[in-house]
Amino acid sequence: MTDIAERLEELRESGLRRRLRLVQSPQGARVMLDGRDVLLLCSNDYLGLASHPRVRAAAAEAAMRWGAGAGSARLIAGNMPPHRALEQRLAAFEGYESALLFGSGYLANTGAIAALAGRGEVVFSDELNHASIIDGCRLSRAETFVYRHRDVEHLAWGLREAGGRAALIVSDGLFSMDGDVAPLAELAELARRHDCRLMVDEAHATGTLGPGGRGSVAAAGLSGEVDVVVGTLGKALGSYGAYACASAELTEYLLNAARSFVFSTAPPPPAVAAAEAALELLEAHPERVERVAANAATLRGALSAEGLPVGDSETQIVPVRVGDAGLTMALSELLLERGVFAQGIRPPTVPEGTSRLRFAVTASHRRVELEQAAKQVGAAARELSVASPTLLTA
Ligand SMILES: Cc1ncc(COP(=O)(O)O)c(C=O)c1O
């Protein structure tokens, strides 16, 4: 039996013990964090819609009309008009025949992957894919070929080796810890050539990339060609939950075969209605998407000017690599003391030796806030002697 106290102590000693902080105000560019007003640079509320009055009102109205919860799984007694309305709207937005809601992105990924691959088959997964994709591969009981990050040559080699057993290629569209984008055109071509399916997780790309925020698949001109597009409602769409877009046939299959759909309570009507209101706002105000991109460029430029390389980030997710987990957390704490909240990211979220500060930029930030924050990061990094370029790029 695991000795819990010992295990917690081990985590503390290796700088990996986590604790919860308390955010005492709605999401926004600034929040009250554990009693202190801070600039928030680690929220995925990319379009600033989680606290938008129209989104809040939609949730409140749905709570009064439909109730706080859906009562059961969709396939039993939990399928209600807000679910259907949002699915139709999401499918149209993404350019697919059909969409299916899931309780969360974690559930969508685990459920869809395990439904699309099985024993005797092979799933191909980028080494930096999100944990929910990794867990989906494990649950599928298929063999998993983990290809080097964005390395299509390595993937092509693996596909050739797998022969006719290739079932699914799965990738983040926009990588959640690095801010870079998957080589989607090449992935789609390889999937076609090897007669296997392609699934793309748009968790961080919905609302931030592509025409009108339609995501990385739309940005690559591949809407409808990628077999399954998963998106979340809990990030740019300001609510909670997720969806998978696919052909009508494939969606019907997921409805029958994805265990995280079949055996889990339907998303609550207020969350669903809030996401629909957010989607409506996104469609009416695509300039919010442009603002995220402009703010991200500002932060990337300002951090680089401080001598802090931001890797291959080309999006609103901006990592500053430190390497050591303890040093990363020390930097995060020092910044917090100075009113800048950027989460330190450690293993197992990222590979050993690649701990980093992960900045997430939103449409709500002002340019000057981002420029000042970058200066503070530069100063704090120098104080802790983490600004050596060799350390940062290692
Ligand atoms: C790439 C990616 N996929 C899936 C998820 C899971 O989504 P959710 O938070 O809705 O469970 C996340 C983050 O939470 C993510 O970063």
Side-chain angles (χ1 to χ4, degrees), residues 18 20 23 27 42-47 49-50 86 90 94 99-114 123 125-139 146 149-150 168-182 184 187 198-210 213 215-217 219 226 228-245 254 258-261 264-268 271-272 274-275 278-279 292 313 315-319 343 345-346 348-351 356 358-362:
R18 298 164 189 240
L20 288 169
V23 177
Q27 296 290 299
C42 48
S43 169
N44 302 322
D45 178 28
Y46 298 126
L47 300 175
L49 295 179
L86 180 57
L90 283 166
E94 295 276 8
L100 189 67
L101 292 178
F102 284 79
S104 71
Y106 187 92
L107 292 171
N109 280 336
T110 50
I113 295 168
V123 186
S125 175
D126 187 291
E127 67 178 333
L128 295 189
N129 275 344
H130 187 255
S132 54
I133 294 180
I134 296 170
D135 292 355
C137 294
R138 289 176 180 154
L139 274 174
V146 178
H149 184 48
R150 299 199 300 172
L168 181 69
I169 300 170
V170 57
S171 179
D172 281 15
L174 192 178
F175 287 90
S176 56
M177 295 299 141
D178 293 79
D180 53 352
V181 177
L184 293 176
L187 299 190
L198 173 61
M199 170 171 153
V200 176
D201 177 357
E202 296 278 42
H204 296 275
T206 302
T208 63
L209 293 185
S216 63
V217 170
V226 170
V228 185
V229 166
V230 166
T232 49
L233 308 176
K235 303 188 195 302
L237 293 176
S239 178
Y240 186 73
Y243 59 93
C245 285
L254 291 178
R259 291 170 66 83
S260 59
F261 177 88
S264 193
T265 300
V272 174
L279 186 55
V292 180
S313 169
T315 64
Q316 81 282 4
I317 294 173
V318 184
Q343 185 63 41
I345 309 283
R346 305 165 272 182
T349 310
V350 291
R356 67 199 68 180
R358 173 191 180 273
F359 297 91
V361 178
T362 73

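When a ligand or atom number is given, it counts from 1 through the structure's own listing order. Counting begins at 1 with the first residue of the sequence.
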Could you list the atoms of ligand 1 found under 4.0 angstrom from a heavy atom of [X]?
X      : value
Ser176 : 16 (O)
Asp172 : 1 (C)
Ala203 : 1 (C), 2 (C), 3 (N), 15 (C)

Specify the closest pair of heavy atoms between [X] and [Y], including all atoms of both residues, with the distance to one decimal.
X      : Y      : result
Gly179 : Thr315 : O-OG1, 2.8 Å
Ala99  : Leu90  : CB-CB, 4.2 Å
Ala182 : Ser171 : CB-OG, 3.5 Å

query: Which is it for Asn109 and ligand 1 at heavy atoms under 4.0 Å: side chain, backbone, both or neither?
result: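 It is the side chain that gets close, since no backbone atom is under 4.0 Å.
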Give me the residue, atom name and distance of the protein heavy atom closest to [atom].
atom                    : value
atom 5 (C) of ligand 1  : His130 CE1, 3.4 Å
atom 6 (C) of ligand 1  : Tyr106 N, 3.5 Å
atom 16 (O) of ligand 1 : His204 NE2, 2.5 Å
atom 8 (P) of ligand 1  : Gly105 N, 3.3 Å

Main-chain N/O of Arg358 paired with Gln343 side-chain donor or acceptor, under 3.5 Å:
no
Ignoring angles and geometry beyond distance, decide whether Lys235 reaches within less than 3.5 Å of ligand 1 through its nitrogen or oxygen atoms.
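Between Lys235 and ligand 1, an N or O pair is found under 3.5 Å apart.
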- Task: For the pair Asp180 and Arg150, find out whether any cationic side-chain nitrogen is under 4.0 Å from an anionic carboxylate oxygen.
- Result: yes
Pairwise side-chain contact, Ser125 with Ile133, heavy-atom cut-off 4.5 Å (strictly under)
yes
- Without hydrogens or angle criteria, can the side chains of Thr232 and Tyr106 be said to hold a donor-acceptor pair below 3.5 Å? no
*asked:* Measuring centre to centre across the rings, with the benzene-like ring taken for any Trp, is Phe175 within less than 6.0 Å of His149?
replied: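 Yes.
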Note to self: Could you work out, for atom 2 (C) of ligand 1, the closest of Val230, Leu128, Asp201, Asn44 by heavy-atom distance?
What the structure shows: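 Result: the heavy atom closest to atom 2 (C) of ligand 1 is in Asp201.
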Quiz item: Does even one non-hydrogen atom of Ser132 get within less than 4.0 Å of ligand 1?
Solution: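 So Ser132 counts as touching ligand 1.
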